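Whatever order the structure lists ligands and atoms in, that order sets their numbers, starting from 1. Quantities reported herein were computed from a predicted structural model and do not represent experimental measurements.
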Amino acid sequence: MSKKLEGKVALVSGSGRGIGREIALKLAGEGARVVINDLDAEPAKKTVADIVAAGGQAVACAGSVTEAGFAERFVGTALESYGGLDIVVNNAGYTWDNVVQKMTDDQWEAMLAVHLTAPFRILRAASSFIREMAKKEADEGREVFRKVVNISSTSGVYGNAGQANYAAAKAGINGLTKAMAKEWGRYKVNVNSVAFGLIRTRLTEADASAGASIDIEGQKIRVGVNPQILKNAEAMIPLGRGGMPEEAAGAVYLFCIPESNYVSGQVLVCGGGRP
Ligand SMILES: NC(=O)c1ccc[n+]([C@@H]2O[C@H](COP(=O)([O-])OP(=O)(O)OC[C@H]3O[C@@H](n4cnc5c(N)ncnc54)[C@H](O)[C@@H]3O)[C@@H](O)[C@H]2O)c1
């Protein structure tokens with residue numbers, strides 16, 4: 001049986017760990033050639049090695065999505081390595097929580113930079129190639145669908161206390177999704193968002209009460225959830241538990257396959273039935 005994404009080329013930001021890694025493995029398993037990005041070079045290399053070991057194709061493009069010039073380098077890696085670009089998944093990110101009265105400008109700006117400005121720049125960098133190809137394909141009488149999947153959060157859809165910065169950025173990405181769906185419809189690009197609820201990764205698994213933190217460009221950032229709060233949150237989920245990264249990747253995959261070619265500008269909540 002032929003694979004669903006045979007011949008496609010995908011960019012997945014933040015695919016060294018967690019949900020992004022599972023998205024990259026899933027797309028590669030379905031035949032896509034994938035450009036792996038992560039802030040941290042080692043996990044990015046590991047995702048590439050695992051894809052190659054499984055018989056797939058992948059290349060790393062390490063670095064922060066917020067760096068000047070990163071977007072052009074990311075898109076350039078796909079074009080130089082594989083000669084095309086069909087799928088863009090804007091996934092890289094983290095949380096940096098605080099109540100509004102304690103939130104610094106740096107905290108606010110960091111969330112907008114990674115979750116909103118970086119995806120905008122990546123799509124802008126991809127636009128010349130996408131427009132050129134779409135015009136060529138239209139002249140040949142062909143419809144070739146390309147896919148953008150932006151990663152949002154239920155925080156961005158419904159809000160969440162302690163996450164004014166993150167919620168604003170994740171709501172912003174849904175606005176970007178809807179605008180780009182209208183702007184790029186003429187180029188046959190489906191642009192959708194997936195808003196995750198509670199997914200079990202290092203952002204949510206660690207014990208916040210024990211002072212868990214991650215390192216983002218030399219800065220220690222507190223992450224995780226207090227175990228009692230996590231238990232209460234899981235009790236509110238109709239499916240009874242947090243999602244696994246593989247299940248989160250499954251929701252993104254739905255927007256990457258030909259069966260979703262007539263779906264665009266949508267925000268899909270992947271949250272175990274919790275609205
Ligand atoms: N885990 C959840 O419950 C949850 C819920 C809603 C949304 N999300 C979103 O899903 C996405 C993935 O999160 P995750 O839970 O898999 O986290 P994770 O920490 O397991 O993985 C995220 C990866 O992104 C990388 N990254 C962070 N900042 C980066 C940057 N500036 N440039 C390049 N790479 C960077 C990290 O190094 C990490 O490897 C994020 O956008 C997050 O906000 C997660």
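- Close N/O approach between Y166 and ligand 1 is found [any backbone or side-chain N/O within under 3.5 Å].
- Residue contacts with ligand 1 for V65 involve both N, CA, C or O and side-chain atoms from C-beta outward (heavy atoms, distance under 4.0 Å).
- Judged purely by atom type and a 3.5 angstrom limit, T47 uses its side chain to pair as donor or acceptor with the backbone of S15.
- S264 places a side-chain N or O within donor-acceptor distance of the main-chain N or O of V191, the cut-off being under 3.5 Å.
- Between G20 and ligand 1, not a single N/O pair is under 3.5 Å apart.
- Checking R274, R200, R241 one by one against E234, the salt bridge (charged side-chain N to carboxylate O under 4.0 Å, His left out) holds for a single residue, R200.
- With a 4.0 Å heavy-atom cut-off, ligand 1 is reached by no atom of S13.
- S13 and N91 are not linked by any side-chain donor-acceptor pair at a separation below 3.5 angstrom, with hydrogens and angles left out of the test.
- Proximity of R21 to ligand 1 is not established, as no heavy-atom distance is less than 4.0 Å.
- At a 3.5 angstrom cut-off on N or O pairs, S64 counts as close to ligand 1.
- Contact check for T154 versus V269: side-chain heavy atoms found under the 4.5 Å cut-off.
- Geometrically, ligand 1 and R17 share a nitrogen or oxygen pair separated by less than 3.5 Å.
- Contacts with ligand 1 closer than 4.0 Å are made by heavy atoms of both the backbone and the side chain of N91.
- Of the options Y262, W184, F145, a side chain to side chain contact (heavy atoms under 4.5 Å, CB included) to N190 is made by F145 and by none of the others.
- Looking at I151 against ligand 1, only its side chain comes within 4.0 Å, counting heavy atoms.
- Close approach of ligand 1 to H115 is summarised as follows: ligand atoms under 4.0 Å from at least one heavy atom of the residue are 41 (O), 43 (O).
- Looking at T104 and D106, their side chains never bring a donor and an acceptor atom within 3.5 Å of each other.
- Shown in contact with G18 at under 4.0 Å from a heavy atom are these atoms of ligand 1, numbered in order with element: 16 (O), 20 (O).
- Of the listed options T95, I19, I23, I199, I19 places a heavy atom closest to atom 44 (C) of ligand 1.
- For the salt bridge (charged side-chain N to carboxylate O under 4.0 Å, His left out) with E137, the qualifying choice from K188, R186, R146 is R146, the only one to do so.
- No N or O atom of L203 sits closer than 3.5 Å to an N or O atom of ligand 1.
- With hydrogens and angles left out, the side-chain atoms of S152 and S193 include no donor and acceptor closer than 3.5 Å.
- Between D38 and ligand 1, at least one pair of N/O atoms sits closer than 3.5 Å.
- At least one heavy atom of G197 sits less than 4.0 Å from an atom of ligand 1.
- With sequence neighbours excluded, the residues forming a side-chain hydrogen bond (donor to acceptor under 3.5 Å, both in side chains) with K4 are E259, listed by chain and number.
- Closest to atom 22 (C) of ligand 1 by heavy atom, among G93, A44, A92, C61, is G93.
- The backbone N or O of A168 sits nowhere less than 3.5 Å from a side-chain atom of H115 that would complete a donor-acceptor pair.
- Looking at N37 against ligand 1, only its side chain comes within 4.0 Å, counting heavy atoms.
- With a 4.0 Å cut-off on non-hydrogen atoms, R200 does not touch ligand 1 at all.
- Q266 and N192 form no side-chain donor-acceptor contact under 3.5 Å, judged by distance and modelled atom types alone.
- Of all the heavy atoms of V114, the ones lying under 4.0 Å from any atom of ligand 1 belong exclusively to the side chain.
- At least one heavy atom of S152 lies less than 4.0 angstrom from ligand 1.
- For atom 36 (C) of ligand 1, the candidate residues are E217, R202, E205; the nearest heavy-atom contact is made by R202.
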